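Below you'll find the structure, written out as structure tokens, and then a few comments.
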Amino acid sequence: MPSDLKDCKIVFECRQCGDCCKGYGGTYVTEQDIEAISRYIETEPQHFTAKYCNFSGTKPVLAQRKDGYCIFWDQLCTIHPVKPKMCRRWPFLKSVLVDTDNWQIMADSCPGIRSHAPEKLVEKCVREALSKDR
Ligand code: SF4
Ligand code: SF4
């Protein structure tokens, strides 16, 4: 979570349980994610995509191990400083602005999310997080 979103710890604080790093069909990676992670693990983007990604249609997603965990999970995220946008933004997603019920649904699968948090505060946090997107 970006440091300027500290107030949003009231509505979300990651417990580092790793539940979101397992299942769900994998994590999408953007071109910027691929470049950043490749630099971090000191490999070429092409090699990174071939070795660490699968494809969902035409979109690359991080590969998962046999146990269902993301290939970069090892008791914690091993690429934390450059983790994909999708991981960085969770749970402050556009879909929450479309329907705040999505916040409650997400809370069912993420112990870090405070369910029934004040709607206005949740929306404010989502807007702030989205405005920081690179
Ligand atoms: S499921 Fe929620 S609390 Fe657990 S690691 Fe993921 S974001 Fe953090
Ligand atoms: S990149 Fe890191 S935070 Fe994202 S799913 Fe993989 S292990 Fe979890």
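Computed from a prediction, not measured in an experiment: that's the story for all the values here. Whatever order the structure lists ligands and atoms in, that order sets their numbers, starting from 1.
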Provide the closest heavy-atom pair for K83 versus C77 in the form atom of the first, atom of the second, distance. CB-SG, 4.1 Å
For I105, what residues pass the side-chain contact (heavy atoms from CB on, under 4.5 Å) criterion, not counting sequence neighbours? N102
Do the side-chain sulfurs (SG) of C125 and C8 come closer than 2.5 Å? yes
Taking only heavy atoms of L62, which atoms of ligand 2 are found under 4.0 Å from at least one of them? 1 (S)
Please identify which atoms of ligand 2 are closer than 4.0 Å to at least one heavy atom of F72. 7 (S)
S115 side chain vs Q104 backbone, donor-acceptor pair below 3.5 Å: no
Specify the protein heavy atom at minimum distance from atom 2 (Fe) of ligand 2: its residue, its atom name, and the distance to 0.1 Å. C77 SG, 2.4 Å
Which residue owns the protein heavy atom closest to atom 4 (Fe) of ligand 2, what's the atom, and how far is it? C87 SG, 2.3 Å
Near atom 4 (Fe) of ligand 1, which protein N/O/S atoms are found at less than 2.8 Å? C17 SG
Looking only at protein heavy atoms, what sits closest to atom 6 (Fe) of ligand 2 is C70 SG, 2.4 Å
Counting from 1 in the order shown, the ligand 2 atoms closer than 4.0 Å to a non-hydrogen atom of P84 are 1 (S)
Using 0.5 Å steps for rounding, measure from the SG atom of C110 to the CH2 atom of W103. 8.0 Å
How many angstroms lie between NZ in K124 and CD in E128, if you round to the nearest 0.5 Å? 4.0 Å
Summary of side-chain hydrogen bond (donor to acceptor under 3.5 Å, both in side chains) pairs that have at least one residue in residues 58-76, sequence neighbours excluded: R65-D67
Taking 4.0 angstrom as the limit and counting only heavy atoms of W73, give me the atoms of ligand 2 inside it, by number and element. 7 (S)
Between F12 and F92, how do the two ring planes meet: parallel, tilted or perpendicular, split at 30° and 60°? perpendicular
Is a side-chain donor or acceptor of D33 paired with a backbone partner of K85 at a separation under 3.5 angstrom? yes
One finds that the ligand 1 atoms under 4.0 Å from a non-hydrogen atom of W90 are 7 (S)
Run the side-chain donor-acceptor check on residues 40-51: report pairs under 3.5 Å with partners two or more places apart or on a different chain.
residue: T49; atom: OG1; partner: P45; partner atom: O; Å: 2.9

Close-contact set for ligand 2 against T27 heavy atoms, below 4.0 Å: 5 (S)
